Amino acid sequence: MTLPELKNRQSISLFDNRTSNVVHRPRRLRATPAIRAMVRETELNTRDFIYPLFVRHGSGRSEIRSMPGVYQLSVAESIREAEAAAKSGVNAVILFGIPKEKDPIGLENFAEDGIVQQSIRAIKKEIPEMVVVTDVCLCEYTDHGHCGILNTGEHFHAGLPEGYVLNDPTLDVLAKVAISHAECGADIVAPSGMMDGMVAAIRDGLDFAGYENLPILSYAVKYASSFYGPFRDAAEGAPKFGDRKSHQMDPANVREALREAAIDVAEGADMLMVKPALAYLDVIRVVKDAFPEMPMAAYNVSGEYSMIKAAAANGWVDEQKVTLETLTAIKRAGADLIITYHALDAARWLK
Ligand code: PBG
């Protein structure tokens with residue numbers, strides 16, 4: 001075939017009689033931004049986000065070295081940050097407290113004038129519509145940095161290792177903490193310590209104290225993850241010795257996630273959480289499919305945040321695009337809610 005002949009042909013196919021043998025053309029629905037938008041399956045919304053705040057005594061704010069853009073806040077600054085959240089369409093915050101003093105039990109955790117207690121009251125007073133979630137755990141408050149009362153001294157229990165986190169004595173403290181948050185006006189309590197029976201103990205305590213309407217968001221499936229590293233700078237809650245493997249889950253396990261979730265549902269959890277998010281997208285999916293009736297949160301943890309920040313600071317990834325892609329992936333995996341330090345940035349980018 002000569003070149004002029006070729007140019008005169010109706011079809012650009014080089015083969016005679018061929019119109020097309022391509023049957024499937026998914027690209028038809030990717031051709032323009034408008035069509036892509038029509039068939040998009042997952043849409044991020046600022047209402048999906050829960051924004052973590054670290055509250056400490058004193059005044060002003062101090063940036064956390066390993067988490068650029070995240071601060072330890074005074075009570076007044078926590079109001080300011082919650083206002084910024086509200087303004088950008090993020091309607092929930094989760095509070096973490098850094099106490100003035102630490103002790104073996106973590107007494108400030110349920111003190112009337114504890115740092116989180118002050119911050120809950122202040123935020124609820126200034127921004128009543130803000131949903132204030134509180135983290136209920138011991139590790140930020142104990143001098144040993146563990147999530148419960150330790151097997152040592154007067155609590156020593158023969159048959160368990162020295163320094164083991166004692167389960168049932170810890171439950172009483174968790175219930176006290178939850179009640180004290182409720183008394184200050186918290187909207188949701190979120191136990192994060194992976195103690196057996198923590199949801200039931202907190203539910204009993206809240207009901208007994210007259211807070212039967214207060215929901216529990218359980219960190220039901222929480223792994224012993226190295227992605228919490230920067231958080232332990234932020235909350236100053238690193239264990240002074242050992243690790244959290246006697247209560248947090250083994251990253252190798254997913255069937256066990258179903259067991260943990262089922263127990264928490266049976267104990268009366270109102271919402272479930274998988275944590276961390278990114279290395280556990282399969283776990284989010286499995287838990288969501290097993291409990292489709294339960295609202296599901298995923299915690300996009302500190303290490304996940306800091307990795308993007310560090311790479312973006314080096315110019316290696318586009319922070320905005322990578323962040324939104326990450327958050328979309330977490331939602332696509334099955335999360336209804338995402339606890340994320342990117343919340344305010346993401347809200348701005350979504351607008
Ligand atoms: C425990 C708690 C931790 C995080 C949230 N709640 C730390 C831990 O279990 O060691 C980690 C969150 C993050 O890394 O962003 N109170």
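Read the numbers this way: they start at 1 and go in the same order the structure lists the ligands and their atoms. Not measured: the values here are computed from a predicted model.
Taking every heavy atom of C137 and a limit of under 4.0 angstrom, the matching atoms of ligand 1 come to 16 (N). The contact set between ligand 1 and Y341, taken as ligand atoms under 4.0 Å from a residue heavy atom, comprises 12 (C), 13 (C), 15 (O). Shown in contact with R244 at under 4.0 Å from a heavy atom are these atoms of ligand 1, numbered in order with element: 8 (C), 9 (O), 10 (O). Below 4.0 Å from some heavy atom of C139 lie the following atoms of ligand 1, by number and element: 1 (C), 16 (N). Listed by number with element, the atoms of ligand 1 under 4.0 Å from a non-hydrogen atom of F96 are 5 (C), 6 (N). Each of the following atoms of ligand 1 lies closer than 4.0 Å to a heavy atom of Q248: 8 (C), 9 (O). Ligand-side atoms of ligand 1 in range of K222: 1 (C), 2 (C), 3 (C), 6 (N), 8 (C), 9 (O), range being under 4.0 angstrom from any heavy atom. Close contacts between ligand 1 and D135 involve ligand atoms 6 (N), 16 (N) [criterion: under 4.0 Å to a heavy atom].
Ion pair K309/E319 flagged as a salt bridge, since at least one NZ, NE, NH1 or NH2 atom sits closer than 4.0 Å to an Asp/Glu carboxylate oxygen. Here E81 pairs with R61 in a salt bridge; the nearest charged N to carboxylate O distance falls below 4.0 Å.
Protein heavy atom in closest approach to atom 14 (O) of ligand 1: S302 OG, 2.7 Å. Atom 10 (O) of ligand 1 has its closest protein heavy atom at R232 NH2, 2.6 Å. Distance from atom 16 (N) of ligand 1 to its nearest protein heavy atom, with residue and atom name: E140 OE2, 2.8 Å. Residue, atom and distance of the protein heavy atom nearest to atom 12 (C) of ligand 1 are F231 CD1, 3.3 Å. Here the heavy atom of the protein found nearest to atom 5 (C) of ligand 1 is K275 NZ, 2.6 Å.
By the 6.0 Å contact criterion, CZ on F156 is enclosed, its count of non-hydrogen atoms from other residues, nucleotides or ligands being greater than 12.
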For residues 250-262, dump all side-chain donor-acceptor pairs below 3.5 Å to protein atoms at least two apart in sequence or in another chain.
unit_1, atom_1, unit_2, atom_2, d
D250, OD1, A252, N, 2.9
N253, ND2, E256, OE1, 2.7

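The side-chain tip of K222 points at the ring of Y228 from less than 6.0 angstrom away and within 45° of straight on. Figure legend: K176 and F110 shown as a cation-pi pair, the cationic atom lying under 6.0 angstrom from the six-membered ring centre and within 45 degrees of its axis.
Residue H342 is tested with Y305, W349, F49 for a ring pair (Phe, Tyr, Trp, His ring centres under 6.0 Å); the sole match is Y305.
If you check the side chains of E108 and H57, you find a donor sitting under 3.5 Å from an acceptor.
Remark: distances from the non-hydrogen atoms of Y299 to ligand 1 include one below 4.0 Å.
Not a single donor-acceptor pair under 3.5 Å links the side chain of S119 to the backbone N or O of I115.
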